[in-house]
Each structure stands twice: as structure tokens, then as C-alpha cells.
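Working notes, beginning with the structure itself.
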Amino acid sequence: MKNIVLFGPPGAGKGTQATLLKEKYNLIHISTGDVFRFNIKNETELGLLAKKYMDEGDLVPDEVTINMLKAEVEKNADANGFIFDGFPRTESQAEALDVFLTEKEAQINGMVALEVPEDLLVERLLERGKTSGRTDDTDEGKIRNRFNEYNTKTAILKDYYQAQGNYYGVNGVGSIEEITNRLAEVFDKL
Ligand code: ADP
């Protein structure tokens with residue numbers, strides 16, 4: 001089983017690349033942001049809860065997110081492996097994921113991180129906001145708050161996976177195809 005955390009700040013291109021790589025490697029792509037948005041659209045209890053955090057660009061509480069992630073993994077019990085996109089985003093989430101996978105006699109094979117300068121990210125998010133219908137992408141203040149959440153809670157996960165010898169940084173600037181090729185070089189080794 002191959003389990004990969006696709007990592008990077010908001011707007012780094014995780015979703016775009018995961019969609020291409022899941023086909024190539026026959027993995028299940030779990031985007032926590034997409035699962036939350038699906039729940040918001042369908043007005044589920046989880047959606048109602050997540051919405052107030054997401055609208056502000058705040059992280060959804062760990063317990064809620066971790067339970068949701070576990071349920072998504074359980075839905076795909078016979079998968080060949082997973083690409084986790086948008087999870088973990090805090091140290092507690094990373095620890096919970098390790099415990100959960102160990103129980104399943106599995107592990108994270110690597111964190112593959114898309115590295116993109118912040119100026120370019122804001123530009124990409126505002127551009128996406130014009131067509132995506134995502135309210136968290138149309139307001140620069142909300143975007144800044146997401147970076148603040150990323151910098152204070154999520155960026156440290158680089159150290160967490162580096163300590164396990166599992167961190168791989170990839171240059172996330174370039175064409176979609178160039179970046180897919182760079183990521184695939186790392187995926188092939190994992
Ligand atoms: P982006 O990477 O562009 O910020 P996502 O779709 O990954 O977009 O996430 C959108 C929002 O969903 C986040 O700002 C946050 O509110 C919520 N979210 C997604 N994943 C998590 C997570 N692992 N923990 C907490 N909140 C999350």
C-alpha cells in the first residue's frame with residue numbers, strides 16, 4: 001500500500017496534481033476541503049459545522065476533521081493506497097493519522113510538498129475565486145487568514161515528517177505538466 005501526503009500551502013496546486021496522480025498510481029484521492037464542501041452543499045450536520053470555520057479561512061476543529069478522514073479511509077477499505085490532500089494540517093492530525101494507519105498495519109510512505117512563493121499563491125487564489133464559487137477565495141483578508149493558519153499550525157508538519165525521514169520538497173512553480181512530472185519522480189521512489 002502506498003500512502004502519500006500531498007502537502008503545500010493554499011493554492012499550491014495540490015488538488016490539480018492529486019487528480020492527475022491518482023490515475024497514474026491507482027490511488028484514492030481524499031481532499032478534506034472537497035469532503036467539507038460536499039457536506040456544505042448537501043447541508044449535512046458536518047457541513048453546517050464546518051461552514052462557519054471555512055468561511056473565515058479558519059481550520060475546522062481537529063476532532064471533527066480526524067473523524068471525517070477516518071470515515072473516508074474506511075469507505076475504501078480495499079484501496080491500493082491514498083493521496084491525502086489537505087490532511088494532516090496540524091500536529092494532532094498527523095499523530096492521529098500515524099496511529100490510525102499503524103492499526104491498519106500501514107504507514108505514510110512520504111510527504112511530498114509543493115513549494116511555491118506566497119505572492120504567487122495569493123495571485124492564483126484570487127484568480128481561482130473568480131470562477132470557483134469558493135467564498136474563501138474571493139476576499140484577500142480571508143486568504144491572508146488561511147496563510148496565517150498555515151504558517152502557525154501547518155507548516156511545522158515539514159519538521160514532523162522530516163524527523164521520520166519522509167519529507168520530499170518539490171518545486172511547485174511551472175506548468176501543470178512539469179510539476180506532475182516532478183512529483184511523479186518522487187512518487188516512483190516511495
Ligand atoms: P486550500 O488548500 O486552498 O486552503 P482546501 O480545500 O484544502 O483549500 O481547504 C479549504 C478549507 O477547509 C480550509 O481553509 C479549512 O477551513 C478546511 N479544512 C480542510 N482541510 C482541513 C484540515 N485538515 N483541518 C482543518 N480544516 C480543514
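Counting convention: from 1, in listed order, for ligands and their atoms alike.
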Polar proximity ligand 1 side, [X] side, N/O cut 3.5 Å exclusive:
X	value
G57	no
D58	yes
R134	yes
R146	yes
D136	no

Give me the atom names and distance for the closest heavy-atom approach of F82 to N76. CZ-O, 3.7 Å
Where on [X] is there a heavy atom closer than 4.0 Å to ligand 1, on the side chain, on the backbone, on both, or on neither?
X	answer
K14	side chain
K51	neither
R128	side chain
V60	both

Give me the nearest non-hydrogen protein atom to atom 27 (C) of ligand 1 as residue plus atom name, then the distance to 0.1 Å.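 Heavy-atom neighbour on the protein nearest atom 27 (C) of ligand 1: F36 CE1, 3.8 Å.
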In terms of hydrophobic clusters joined by side-chain contacts under 4.5 Å, are L21 and V173 together? no
Mind checking whether L121 and L183 sit in one hydrophobic cluster, side chains of I, L, V, M, F, W, Y counted as touching below 4.5 Å?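 They do not share one cluster, since no chain of ILVMFWY contacts under 4.5 Å joins L121 to L183.
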Within the 4.0 Å heavy-atom shell around [X], which atoms of ligand 1 are there?
X	value
T32	19 (C), 20 (N), 21 (C), 23 (N)
R37	6 (O), 10 (C)
F87	23 (N)
G86	20 (N), 21 (C), 22 (C), 23 (N)

With a 4.0 Å cut-off, would you call K70 and E103 a salt bridge?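 Result for this pair is no, no salt bridge flagged.
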Donor-acceptor side-chain pairing of [X] and [Y] below 3.5 angstrom:
X	Y	value
Y25	D188	yes
N166	N109	no
D62	Q93	yes
Q17	D85	no
N145	Y150	no

Looking only at non-hydrogen atoms, which of M54, Q93, R89 approaches atom 9 (O) of ligand 1 most closely? R89
Spacing of CZ belonging to F87 relative to OG1 belonging to T154, to within rounding of 0.5 Å: 11.0 Å
